[in-house]
Number of protein chains: 2
Amino acid sequence: MGIIACKSPSSKMRALILNFATRIHKLGKDDPRRIVHSFKVALAITLVSMVYYVRPFYNGLGENGVWAILSVVVVFEYTAGATLCKSMNRGLATFLAGALGVGAKFLASLFGTKVEPIVLGCLVFLLVAAATFSRFIPQIKRRYDYGVMIFILTFSLVAVSGYRVDKIIELAHQRLSTILIGGATCIVISVCVYPVWAGEDLHNLIVSNLEKLASFLEGFGGEISKLPLDGDSVDSSSVPEKSFLTAYKSVLNSKAMEESLANFAWWEPGHGKFRFCHPWKQYLKIGVVTRQCGYHIEALSGYVDANFQASSSEYTKRVQEPCTNISSEAGKALKELAHSLKSFSYPSKCTIHLQTCKGAVEEVNTMLKASMVGELDVLEIIPIVTLASILIEIVKCVETIFVIIEELSEQAHFKKLKVGHHGGAVASVSDEEEDKGFVKVVIHKITSESQEIDQGNRG
Amino acid sequence: MGIIACKSPSSKMRALILNFATRIHKLGKDDPRRIVHSFKVALAITLVSMVYYVRPFYNGLGENGVWAILSVVVVFEYTAGATLCKSMNRGLATFLAGALGVGAKFLASLFGTKVEPIVLGCLVFLLVAAATFSRFIPQIKRRYDYGVMIFILTFSLVAVSGYRVDKIIELAHQRLSTILIGGATCIVISVCVYPVWAGEDLHNLIVSNLEKLASFLEGFGGEISKLPLDGDSVDSSSVPEKSFLTAYKSVLNSKAMEESLANFAWWEPGHGKFRFCHPWKQYLKIGVVTRQCGYHIEALSGYVDANFQASSSEYTKRVQEPCTNISSEAGKALKELAHSLKSFSYPSKCTIHLQTCKGAVEEVNTMLKASMVGELDVLEIIPIVTLASILIEIVKCVETIFVIIEELSEQAHFKKLKVGHHGGAVASVSDEEEDKGFVKVVIHKITSESQEIDQGNRG
């Protein structure tokens with residue numbers, strides 16, 4: 001144990017355990033709600049297992065108490081929405097299938113004892129096949145997949161076991177009440193004890209995706225302006241180290257996550273700033289355009305790594321300046337949009353940056369139009385021209401996101417902030433109603449400042 | 001019923017039912033395996049419910065027969081891999097948790113009857129919390145998530161119910177054997193009766209994704225060459241009608257699907273041309289680069305809709321030709337790659353198209369270098385220049401896909417085809433070993449022809 005240099009099996013074992021412990025620690029640190037969730041599940045199961053320990057419960061429910069434990073284990077999910085979805089599905093499906101099962105049993109008994117099992121078998125076969133097929137229908141798969149599974153399960157159990165067990169009504173009553181005990185325990189614990197809301201997670205995911213794109217664009221603006229100074233070698237080696245240049249990659253594959261969260265959010269009651277019928281669909285729309293924007297950024301990052309090293313001509317430098325502007329202003333606009341989502345306020349400040357953006361886009365266009373390139377090598381101007389055109393596409397995406405968030409803020413009744421005189425910064429809004437979304441602003445300020453003001457307004 | 005014009009509730013109802021029936025019909029027609037799957041599940045449940053009808057089974061297992069039905073319902077999944085994954089997880093977890101549960105019961109009984117429930121409660125609480133937390137560890141979540149759930153379930157049931165039921169060993173024995181009956185039924189039916197292999201689905205998904213990109217590039221090549229002839233208005237209106245220009249979109253969001261299929265494929269035994277340890281990871285790599293390529297294509301389609309209408313200058317026309325070449329040759333290369341994957345043969349023919357592609361890329365580069373544009377408007381050449389640079393990126397992606405499929409064909413022992421004299425088309429391969437992946441070819445042929453030859457070679 002004291003020998004350090006020797007790699008004995010015990011020290012290897014210790015390293016392995018240490019490594020494992022570090023990873024577990026990181027997992028808990030990344031999202032402490034995971035630890036809380038683990039204890040919530042343990043609490044629910046311990047509570048439900050009381051039906052075994054407490055004499056009156058046990059006498060009433062008997063061995064059917066297992067169904068309560070079973071319900072908790074399979075129904076308790078990470079988010080409150082998923083738990084609600086599963087327990088509602090389970091409760092309803094059990095009730096429906098139980099009733100149908102009793103009906104099927106009654107129907108089969110009309111045929112006499114000999115034919116009864118055959119009729120029951122056929123009924124089970126047909127209903128199970130139909131129900132299994134219905135799980136492929138997208139609308140059912142999205143919201144009631146688990147319910148259909150439980151329906152199949154309960155119907156088969158009731159129809160089949162009904163053949164032997166005569167006290168079928170009592171059994172159904174016991175099963176339903178144990179499932180209700182289990183489901184209710186899950187719902188109460190997952191909604192009341194440090195709840196994890198799928199809706200809130202979706203909201204935060206969308207906000208953080210917007211912020212990741214914003215960081216890329218802001219940071220990328222800085223990179224463009226530095227390029228001729230740093231030269232070739234520094235540029236290509238320094239790029240991979242900057243986390244903001246790779247963080248956006250997770251945005252590209254967030255579709256599945258967003259859709260499942262939106263499905264679960266549909267089941268959740270109002271919580272925090274979210275009402276019962278919060279327009280979750282709008283978040284999915286934002287997600288689609290965000291990914292679209294992410295694809296353009298992906299193209300952008302690809303070109304820059306490869307092509308930018310060769311270009312430091314006068315022309316490139318001239319176009320570079322408005323490009324830097326477009327990139328960082330688009331980034332700021334996105335950051336503002338993320339911020340307005342986060343603070344449930346109308347995205348009025350974003351228009352400032354969008355306006356500056358559009359100004360820079362026009363500047364680039366004029367510059368390109370004006371220059372009948374007599375003195376230029378086509379190969380030399382390709383990178384900057386490509387860059388400019390991708391940036392213009394990105395600005396279009398940002399505008400679309402702005403429009404969708406504007407719609408969302410109408411639907412969810414976000415509070416409208418008037419941009420005014422604050423903390424020494426002057427910003428004037430003129431003809432906000434007429435100017436269809438774009439305000440003219442005298443002085444625009446850096447993002448950190450405007451965030452400060454927003455926080456002030458909220459306080 | 002006979003009145004047609006009147007929209008009575010009954011005719012509305014009929015329209016609704018008709019609409020529903022059409023959709024169901026389409027669902028089954030799109031993938032007839034869904035119908036087969038439904039009947040497979042129904043068959044499995046009907047078979048398993050025999051334990052109730054057949055006297056000797058019932059006498060042996062009694063009411064525990066429910067567990068067999070339950071196992072079938074929750075374990076039977078669409079693909080054989082998923083079914084195997086779930087049933088193995090279920091079997092192993094039940095065994096392990098049952099043993100641990102008996103151990104926990106024994107440990108608790110040492111403390112005397114009064115303290116026993118408290119000790120058991122604490123044990124259940126701690127183990128459930130730890131197991132629930134372990135479900136957040138990515139490696140466990142990927143392959144053993146269901147197993148951990150069943151572990152929690154069985155452990156709680158055994159530990160808790162053990163407090164009342166003395167015949168715990170007999171119970172465990174019965175539960176295990178019913179689960180084995182259910183699991184074995186599922187495995188046998190899902191593997192033997194028209195099996196749906198996750199591995200095969202993954203293989204087909206990757207192939208079809210490559211084909212979608214190939215169709216886009218081939219079709220897009222045709223679009224470029226047609227552009228100056230058709231003029232502005234025809235171009236923008238004809239684009240949305242062509243399905244090959246939008247089919248690639250599904251490639252962008254296939255990540256989640258590919259990963260889940262690869263996970264399930266890991267559990268599957270050898271089937272068809274796939275061995276037991278088929279290099280499924282390689283497919284995921286192909287998927288990553290395919291999506292990368294898809295992002296570039298997304299950028300391509302965006303630019304073409306918007307920018308191409310203005311450009312029909314002499315210069316554009318000159319660059320257009322090699323671009324058309326790059327696009328359709330890259331498409332053909334991808335189609336060849338898809339084809340070689342499909343036919344489990346070495347992608348030797350793809351190199352022909354890749355070589356032509358590289359030739360065209362060099363042509364474009366020379367053309368751009370040569371033209372010190374004295375007479376050109378920068379704005380006018382932007383679209384074609386952007387187009388060219390995106391196409392060059394796409395060629396890089398295609399090359400990477402080629403390398404990965406080459407690796408795959410080594411690992412999975414694909415058969416090597418010699419390209420030779422066939423059907424009137426002459427193709428000569430020189431120095432295949434030395435030339436590191438690229439063959440020089442005298443005459444290259446259109447894709448449909450080379451596919452014909454491949455099929456000839458395979459026969």
Side-chain angles (χ1 to χ4, degrees), chain A residues 24 27 34-35 37-39 41-43 45-46 49 52-53 58 63 66 69-70 73-74 117 121 124-126 128-130 132-133 136-137 149 152-153 156-157 160-161 163-164 253 255-256 295-296 298-299 302-303 307 368-369 371-374 376-379 381-382 385-386 389-390 393, chain B residues 24 27 34-35 37-39 41-43 45-46 49 52-53 58 66 69-70 73-74 117 121 124-126 128-130 132-133 136-137 149 152-153 156-157 160-161 163-164 252-253 255-256 295-296 298-299 302-303 307 368-369 371-374 376-379 381-382 385-386 389-390 393:
Chain A
I24 295 290
L27 214 64
R34 288 169 178 161
I35 301 171
H37 171 72
S38 306
F39 284 112
V41 175
L43 178 69
I45 289 182
T46 313
S49 62
Y52 270 93
Y53 298 129
Y58 187 75
E63 277 307 308
V66 298
I69 295 177
L70 199 143
V73 174
V74 295
V124 168
F125 185 87
L126 289 176
V128 167
T132 305
F133 187 76
F136 290 111
I137 301 171
M149 195 178 96
I152 297 173
L153 175 63
S156 326
L157 287 187
V160 169
S161 73
Y163 179 54
R164 294 271 170 197
N253 292 312
K255 189 178 183 235
Y295 300 149
H296 289 301
E298 175 81 5
Y303 290 116
N307 303 342
L368 293 177
K369 248 177 221 153
S371 54
M372 289 293 282
V373 244
L376 291 175
D377 189 341
V378 172
L379 258 196
I381 64 167
I382 288 177
V385 164
T386 312
S389 59
I390 297 177
E393 292 296 316
Chain B
I24 295 290
L27 215 62
R34 287 170 178 160
I35 300 172
H37 171 73
S38 307
F39 284 112
V41 175
L43 178 69
I45 289 182
T46 313
S49 62
Y52 270 94
Y53 298 130
Y58 187 75
V66 298
I69 296 178
L70 199 142
V73 175
V74 295
V124 168
F125 185 87
L126 289 176
V128 167
T132 304
F133 187 75
F136 290 111
I137 301 171
M149 196 178 94
I152 297 174
L153 175 62
S156 325
L157 287 187
V160 169
S161 72
Y163 179 54
R164 293 272 170 195
L252 301 178
N253 291 313
K255 191 180 183 234
Y295 300 150
H296 288 302
E298 174 81 7
Y303 289 116
N307 302 342
L368 294 178
K369 248 177 222 151
S371 54
M372 289 292 283
V373 245
L376 292 175
D377 190 340
V378 173
L379 258 195
I381 64 166
I382 288 177
V385 164
T386 312
S389 58
I390 296 177
E393 292 296 317

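In the text below, chain A, chain B and the rest are named by the order of the sequence lines, each starting its count at 1.
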Engineer: Answer with side chain, backbone, both or neither: which region of Leu126(B) has an atom nearer than 4.5 Å to a non-hydrogen atom of chain A?
Structural biologist: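 Neither the backbone nor the side chain of Leu126(B) comes within 4.5 Å of chain A.
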Engineer: If I compare all heavy atoms of Ile69(B) with all of Ser156(A), which pair ends up nearest, and what's the gap?
Structural biologist: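 Closest approach of Ile69(B) to Ser156(A): CG2-CB, 3.8 Å.
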Engineer: Using non-hydrogen atoms only, which part of Ile35(A) is less than 4.5 Å away from chain B: side chain, backbone, both, or neither?
Structural biologist: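 Both parts, heavy atoms under 4.5 Å.
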Engineer: Below 4.5 Å from any heavy atom of chain A, which atoms of Leu153(B) appear? Answer side chain, backbone, both or neither.
Structural biologist: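 Both parts, backbone and side chain.
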Engineer: Please name the pair of heavy atoms, one in Val128(A) and one in Ala42(B), separated by the smallest distance, quoted to 0.1 Å.
Structural biologist: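 Taking Val128(A) first and Ala42(B) second, the nearest heavy atoms are CG1-CA, 3.6 Å.
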Engineer: Could you tell me which residues satisfy ring pair (Phe, Tyr, Trp, His ring centres under 6.0 Å) with Phe133(B), sequence neighbours excluded, listed by chain and number?
Structural biologist: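 By the ring pair (Phe, Tyr, Trp, His ring centres under 6.0 Å) rule, Phe133(B) matches no residue at all.
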Engineer: Would you compute the distance between atom CD1 of Ile152(B) and atom CG of Leu70(A) and round it to the nearest 0.5 angstrom?
Structural biologist: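 With rounding to 0.5 Å, CD1 (Ile152(B)) is 12.0 Å from CG (Leu70(A)).
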Engineer: Nearest 0.5 Å, what's the CZ-OG1 distance between Arg34(A) and Thr132(B)?
Structural biologist: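 So the CZ of Arg34(A) and the OG1 of Thr132(B) are separated by 13.5 Å.
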Engineer: Taking all non-hydrogen atoms of both residues, which atom of Val73(B) and which atom of Met149(A) are closest, and how far apart?
Structural biologist: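 Looks like CG1-O, 3.5 Å.
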Engineer: About how many Å separate CD of Glu298(A) and CD of Glu298(B), when rounded to the nearest 0.5 Å?
Structural biologist: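 If we round to the nearest 0.5 Å, Glu298(B):CD and Glu298(A):CD are 12.0 Å apart.
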Engineer: With a 4.5 angstrom heavy-atom cut-off, could you sort out which part of Thr46(A) is near chain B: side chain, backbone, both or neither?
Structural biologist: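 Only the side chain of Thr46(A) comes within 4.5 Å of chain B.
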Engineer: For Phe125(A), I'd like to know if atom CZ has over 12 heavy atoms of other residues, nucleotides or ligands within 6.0 Å.
Structural biologist: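 Counting other residues, nucleotides and ligands, CZ of Phe125(A) exceeds 12 neighbours.
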Engineer: Run the ring pair (Phe, Tyr, Trp, His ring centres under 6.0 Å) check on Phe136(B) and His37(A) step by step: do they pass?
Structural biologist: CA-CA 10 Å; Phe136(B) 290 111; His37(A) 171 72; 5.8 Å; yes
Engineer: I need the residue from Leu27(A), Ile24(A), Val124(A) with the largest number of non-hydrogen atom pairs under 4.5 Å to chain B.
Structural biologist: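 Most heavy-atom pairs under 4.5 Å with chain B: Leu27(A).
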